[in-house]
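Worksheet: the structure to be examined is printed underneath.
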Amino acid sequence: MSRITACFEKLKKSGRKVLIPYVTAGDPTPAVTLPLMHEMVRAGADIIELGVPFSDPMADGPVIQAASERALSYQISLRDVMDMVQRFRLTDKATPVILMGYLNPIEVMGYDTFARSAAQAGVDGVLTVDLPPEEGHDFLAALNEQLLDPIFLIAPTSTEERIKLITDNASGFVYYVAIKGVTGASDLDVDDVAAHLEKIRKQTDLPIGVGFGIKDADSAARVAQVADAVVVGSAIVKRVAEHIDAPEKINDAVTGLLGVLRHAIDTAED
Amino acid sequence: MSSNIQSGSKSFTSLPDSSGHFGEYGGMFVAETLMAPLAELRFAYERYRDDARFQAELDADLANYVGRPSPLYFAEHLTEKVGGARIYLKREDLNHTGAHKINNTVGQILLARNMGKKRIIAETGAGQHGVATATVAARLGMECVVYMGSEDIKRQALNVYRMRLLGAEVVAVESGSKTLKDALNEAMRDWVTNIDTTFYIIGTVAGPHPYPAMVRDFQTIIGREARQQIQEQAGRLPDALVACVGGGSNAIGLFYPFLEDKDVAIYGVEAAGNGLQTGRHAAPLCAGRPGVLHGNRTYLMEDSDGQIIETHSISAGLDYPGVGPEHAWLKDVGRAEYVAIADDEALDAFHSLTRVEGIIPALESSHAVAYASKLAAGMSPDEIVLVNLSGRGDKDIHTVAERDGIKV
């Protein structure tokens, strides 16, 4: 059983929802990321989603774009991100780590080399935003061979056929995009999310994480009522961005928010 | 992938396949939210492509609004100056708005209207596609938003004002390198957010399927006309075709109707900027390698980590780190050859054509003229080189003057 599946099962048994914070690796400086990952776990993160910076993050809103640019100013590479995971694993063998990014840096490295290195570093799942399952045959084979979970997005626009195609190819969990838009946009409609999740659950037993548009305790709590996991990205990256001139304050700023989210999720009525 | 093509018997005009692939290139590399809208666009396009009423309306617009057919002009004086093969110019610079771009925007906006979309978005680099989009949107009374890198806005103030006159909102893109590629990213973000109401008019043969095929189909009017015109004027097909390649829409528009004519050599001309050896250029086919950007797999300019790098060209319209996937495929199967022309050579051609023919070419098209002149010089006077003069140079006057140290 993968670390991601084990995590979902364990929390399900204790009646809790999974909290997945996202940070961009190397933002705002390479030194910040590793301690921040550990601090996030202490503050209640169940799974960490680590963004691999890319020069052209087409699916991301301004907050995560800016994070990518800050990281790239230090030339953070895919290899560097995997090194961070490897160092994280020296002291944390339990918390699943998912890499989220775009296909091109992986293409350059080569699918097999990437999958082998990611598995060796202790990565558990990979979400490649711009790789739908239709184009993913060779990449999925490489991930599956290394027992890495391919994480896919499902969107409000996904048809039933597409949901089936995606869930047939996914493992670990599926990630429902709560809004039509980019990361960090607003206007989250929880009733609409609930209706879509119901459609997805008809096709799969995989747990469902929900992200894009969750920014505070209230939206996290409402999403936790219908989803298995709550993914929070831009709201956290914003906390990072607010302290780029005082990086020593980043851990507290992020864990402060995570504490609030954790509490909101744990006390939400199911 | 291409073994069946390279064996020689297969046609060069049977692609893309149903999933949008040209060999290993093309495809649909986008976030899940866009997959269903792209399918919707594909169905609509395939339906209207074969619809007689749609085609009749498009043909009428191309004739009466765009001003087609554009002439094929025998450049006698350039030919004399170069001293070799006869050079013919396909005069896309004479189209309404001054470039080939409008062939595509006229087609896509009809499709948008037929699909019931009310809002048009576009990306633009030099501003030509933005102007061509704002133009057709004004005519159909549709809301139009054009994304443009803030660096390009500074360089192309005239086109920015033209778009605003036409009623378009021009949005400055401040992310990344603040140029065309970032404008494309931002337009995609808008599209994903406003998918229900909005039609995205991509200006070149890049992006996810069906854009490379659809934009090509709208631009092949160039090659279809040219193929007929050269036979009328010269009594035969040309020996070589030459067109500049940024994203590659004017080039594929000229090349495509000639792809099965095996005796016609085909040359795509990329921007060598300061020179390929300097790294400061915009020539992914000549000096890049395959990767994935903006929804398709193609040749890219990237660093060793797979990050897209900044391009350099005197011509804003060629300043793009990718290229249409069909060109990538044509290169690999050997049907077309891709070469590069540096800024200085393009400028020489700009001046040369202006002085001997009284035609001021766009800096993009000047790359094609420069290579065609080199090529023709090594050929015999009974041979023919046909060049796509994709746009006129009015927009570039300030750039050229600045290079020559003159303040206009």
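These numbers were taken from a predicted model, which means no experiment stands behind them. Worth knowing before you read on, the calculation uses all heavy atoms, side chains too, and leaves out hydrogens, waters and symmetry mates. Lettering follows sequence order; numbering is per chain, from 1.
- With respect to B:R297 and A:E107, a salt bridge is recorded, a charged nitrogen being found less than 4.0 Å from a carboxylate O.
- Remark: A:K238 NZ is loosely packed, at most 12 non-hydrogen atoms of other residues, nucleotides or ligands lying under 6.0 Å away.
- In A:E145, the CD atom is not crowded: 12 or fewer heavy atoms of neighbouring residues, nucleotides or ligands sit closer than 6.0 Å.
- Heavy atoms of B:L300 lying under 4.5 Å from chain A belong exclusively to its side chain.
- Here the shortest heavy-atom pairing between B:D305 and A:Q75 reads OD2-O, 4.3 Å.
- In this structure, CZ in A:R162 is found 4.0 Å from CE in B:M35, a value given to the nearest 0.5 Å.
- Interface residue A:I166: only side-chain heavy atoms are found under 4.5 Å from chain B.
- Remark: B:I308 CD1 to A:N104 CG distance equals 5.0 Å, nearest 0.5 Å.
- Shown here is A:K199, whose NZ atom has more than 12 heavy atoms of other residues, nucleotides or ligands within 6.0 Å.
- With a 4.5 angstrom heavy-atom cutoff, A:D80 does not touch chain B via any of its atoms.
- Annotation: the span from B:L184 atom CG to A:M58 atom CE amounts to 7.5 Å, rounded to 0.5 Å.
- Your options are B:L293, B:V292, B:D182, and the one with the most heavy-atom pairs under 4.5 Å with chain A is B:V292.
- Interatomic distance, CD of B:E32 versus OH of A:Y176, reported as 10.5 Å (0.5 Å rounding).
- With hydrogens and angles disregarded, no donor-acceptor distance shorter than 3.5 Å links the side chain of A:D130 to the backbone of B:F29.
- Across all non-hydrogen atoms, the minimal contact from A:T157 to B:A36 is O-CB, 3.2 Å.
- Within 6.0 Å of CD on A:E198 lie no more than 12 heavy atoms contributed by other residues, nucleotides or ligands.
- Only the side chain of B:E302 comes within contact range of chain A, judged by heavy atoms closer than 4.5 Å.
- Between B:N185 and A:Q65, the closest side-chain pair of non-hydrogen atoms is not below 4.5 Å.
- In this structure, the side chain of B:T33 does not engage the main chain of A:K180 through any donor-acceptor pair within 3.5 Å.
- Counting heavy-atom pairs under 4.5 Å between each of B:R189, B:M188, B:H294 and chain A puts B:R189 at the top.
- Of the atoms belonging to B:D196, it is side-chain heavy atoms, and not backbone ones, that fall under 4.5 Å from chain A.
- Neither the backbone nor the side chain of B:S177 has a heavy atom closer than 4.5 Å to any heavy atom of chain A.
- Annotation for B:R289: atom CZ counts as buried by contact number, over 12 foreign heavy atoms lying within 6.0 Å.
- Summarising the local packing, CZ of A:R201 is surrounded by more than 12 heavy atoms from other residues, nucleotides or ligands at distances under 6.0 Å.
- Side chains of A:P62 and B:E186 form no contact here, defined as non-hydrogen atoms less than 4.5 Å apart.
- For the pair A:P132 and B:M28, the tightest heavy-atom approach, listed with the atom from each and the gap, is CG-O, 3.1 Å.
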Test log, rule side-chain hydrogen bond (donor to acceptor under 3.5 Å, both in side chains), inputs B:S175 and A:E69: CA-CA 9 Å; B:S175 57; A:E69 287 181 16; 5.0 Å; no

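- Between chain B and the residues A:L78, A:V177, A:T159, A:L72, the largest count of heavy-atom pairs under 4.5 Å involves A:L72.
- Residue contact with chain A, scored on non-hydrogen atoms closer than 4.5 Å, involves the side chain of B:H21 exclusively.
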